[in-house]
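Notes for the one structure printed next.
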Amino acid sequence: MDSLKLSSGLIFIQLVLLAFVFNSANAQLKVGFYKDSCPQAEAIVKGVMDQVLKVAPSLSGPLLRLHFHDCFVRTLGPSWRVETGRRDGRVSNFSEPLTNLPPFFANISQLLTQFRSKNLSKKDLVVLSGAHTIGTSHCSSFDSRLYNFTGKGDTDPTLDSEYITRLKKICKAGDQITLVEMDPGGARTFDTSYYKLVANRRALFQSDAALLDNIYTKAYVKLQSVTTDESTFFKDFGVSMRKMGRVEVLTGKAGEIRKVCSKVN
C-alpha cells in the first residue's frame, strides 16, 4: 500500500499543547474528553493542525517528540482514537529529560528498563521507536559512531561501513549544527522504512541499533523490514501511542490546563 503521511492521530495529540479547552473535574483520559466543556475542541485543533502540517510537514517529527516528552518526563498516515484530557504540569525542569528519556546511546537493557518503569512493554519499545521514520537529528547525536566510538578515533562496527562513509561527508567531527534525515529520502513520510534501515545496520542512533540485541525486538524489526502491508505497524503504533498517553496522568488537584501556555495559571 502507498505510504501515508502523518495525520489525525498526531493532530489530536496537540490537545494537550493548545489552549483551546476548559478545565474538567473528570481526571480520566477518554476519547471525546471535552465534548461537554468544549464540544468543538478536537475539531478545531484538528483543523488548525491540518493546515499547519500542510505548510510545514517537517513539524510532524517534533510534535511526536513533544508527546513523548509529556508522557515520559512530568508534564495522512496511521490514525487512532486519541484519549484526551492530559493536564499540563506545574513544573518544567530542563534537566529532567536527561534522566527520564532514553538517551540516543542507550543499550537494549537500558531501553527495556526505562520502558518497563513506565509500564510499557518490549513491543511498545520497538513499535514507538518506529517514529524515527520521520524527522531529523543533529550530527552531534551520533557522530561518536563515526569518529570516536570507543575513545580511540574509531567507528562503530555495528554501523554499515558504506553508510559511515556517506554520513562523514555530511557530518564533520564536532559538527553541532547540521541536520540529517533519520530516514534518508523519506523523513516526511510515516512508513515502515525505519525498520529496513535498522535491519540493514543503517540506523543513526545506538538506541535504534540496539533493537537487534533482543530476540523479541529483533524479530519485530525483521518482520516489518520485509512486509508489504504497513497496516499492522500502523495499528500497533496507535495502540502503543494510546498506552504512552496513559503514562503518569495527573489527577485530582494535580496539574492544570493552561489558558496561556507560556506560564502557570
Side-chain angles (χ1 to χ4, degrees), residues 1-11 13-14 49-68 76-80 102 104 124-143 145-146 156 158-171 175 177-212 217-241 244:
M1 62 180 291
D2 291 337
S3 298
L4 302 173
K5 293 184 178 178
L6 200 61
S7 184
S8 55
L10 173 60
I11 291 160
I13 291 171
Q14 300 315 303
M49 295 309 298
D50 272 338
Q51 294 176 24
V52 169
L53 291 177
K54 284 179 180 178
V55 176
S58 61
L59 286 177
S60 57
L63 290 176
L64 269 181
R65 185 70 176 176
L66 280 175
H67 188 54
F68 197 83
L76 306 168
S79 61
W80 58 94
F104 50 78
D124 296 321
L125 166 60
V126 68
V127 169
L128 291 173
S129 295
H132 284 173
T133 188
I134 55 175
T136 59
S137 169
H138 285 95
C139 294
S140 55
S141 295
F142 59 86
D143 67 350
R145 303 184 74 195
L146 308 179
D156 183 349
T158 67
L159 187 59
D160 177 75
S161 59
E162 292 184 5
Y163 196 37
I164 289 176
T165 300
R166 185 187 306 177
L167 289 173
K168 280 186 172 182
K169 292 179 180 179
I170 304 172
C171 299
D175 187 340
I177 300 174
T178 304
L179 289 170
V180 176
E181 291 184 331
M182 291 188 285
D183 180 357
R188 294 186 177 186
T189 303
F190 199 97
D191 54 25
T192 57
S193 57
Y194 163 82
Y195 296 104
K196 295 179 176 65
L197 293 171
V198 176
N200 291 315
R201 302 189 299 119
R202 293 193 169 202
L204 279 187
F205 307 131
Q206 287 174 253
S207 57
D208 291 323
L211 296 177
L212 297 178
T217 55
K218 181 179 181 179
Y220 191 90
V221 168
K222 294 292 187 179
L223 173 65
Q224 295 301 341
S225 70
V226 297
T227 187
T228 56
D229 181 1
E230 297 176 323
S231 62
T232 300
F233 168 57
F234 290 171
K235 179 180 178 180
D236 289 344
F237 192 80
V239 170
S240 291
M241 285 294 286
M244 187 170 68

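Index from 1, following the sequence. Below, each value reflects all heavy atoms present in this structure, side chains not excepted, and no hydrogens, waters or symmetry copies.
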Exercise. Between A203 and L159, what is the shortest heavy-atom contact and its length?
Worked result: O-CD1, 3.5 Å
Exercise. Between F190 and F234, what is the shortest heavy-atom contact and its length?
Worked result: O-CZ, 3.6 Å
Exercise. Side chains of Y220 and D236: do they bring a donor and an acceptor to under 3.5 Å?
Worked result: yes
Seminar exercise, completed: Contacts of S137 meeting side chain to side chain contact (heavy atoms under 4.5 Å, CB included) (sequence neighbours excluded), chain-then-number -> S141, F142, M182, L204, F205
Exercise. What pair of heavy atoms forms the shortest contact from V221 to A199, and how long is it?
Worked result: CG1-N, 3.9 Å
Exercise. Once the angle between the rings of Y194 and H132 is folded into 0 to 90°, is it parallel (under 30°), tilted (30 to 60°) or perpendicular (over 60°)?
Worked result: perpendicular
Problem set entry | S140: partners by side chain to side chain donor-acceptor pair (under 3.5 Å), with sequence neighbours left out | none
For this session: Side-chain contact test, heavy atoms from C-beta onward, threshold under 4.5 Å: evaluate it for T178 versus H138 and give yes or no.
Result: no
Exercise. Any idea which heavy atoms bring E181 and T136 closest together, and the distance?
Worked result: CA-CG2, 4.1 Å
Problem set entry | F237 CZ to S129 OG distance, which is reported to the nearest 0.5 Å | 9.5 Å
Problem set entry | Donor-acceptor contact present, side-chain D175 to main-chain I177, <3.5 Å | yes
Problem set entry | Between D229 and S231: side-chain donor-acceptor atoms closer than 3.5 Å | yes
Exercise. Say you draw a straight line from CD1 of I164 to NZ of K169; how long is it, rounded to the nearest 0.5 Å?
Worked result: 13.5 Å
For this session: State, with a plain yes or no, whether a side-chain heavy atom of R166 is found less than 4.5 Å away from one of R202.
Result: yes
Exercise. Taking all atoms of both residues into account, what is the closest heavy-atom pair of P184 and Y163, and its distance?
Worked result: CG-OH, 3.5 Å
For this session: Could you tell me which non-hydrogen atom of A209 sits nearest to which non-hydrogen atom of R145, and how far apart they are?
Result: CB-NH2, 3.8 Å
Exercise. Hey, mind stepping through D124 and M244 against side-chain contact (heavy atoms from CB on, under 4.5 Å) and telling me if it holds?
Worked result: CA-CA 9 Å; D124 296 321; M244 187 170 68; over 6 Å; no
Exercise. Can you tell me if S225 uses its side chain to pair, donor with acceptor, with the backbone of K222 under 3.5 Å?
Worked result: yes
Exercise. Counting N and O atoms only, with roles assigned by atom type, does the side chain of T227 sit under 3.5 Å from a partner on the main chain of L223, one being a donor and the other an acceptor?
Worked result: no
For this session: Working to the nearest 0.5 Å, report the span between CG of L197 and OG1 of T133.
Result: 7.5 Å
Problem set entry | Spacing of D183 atom CG and K196 atom NZ [to the nearest 0.5 Å] | 9.5 Å
Exercise. Does a donor on one side chain sit under 3.5 Å from an acceptor on the other, for D191 and T189?
Worked result: no
Exercise. Can Q224 and T192 be counted as having a side-chain donor-acceptor contact under 3.5 angstrom?
Worked result: no
Exercise. Roughly how far apart are D143 CG and C171 SG, rounded to 0.5 Å?
Worked result: 7.0 Å
For this session: Quick one: pull up CG in L125 and OG in S207 and give me the separation to the nearest 0.5 Å.
Result: 9.0 Å
Exercise. Under 3.5 Å, is there a donor-acceptor pair between the side chain of T217 and the main chain of L211?
Worked result: yes
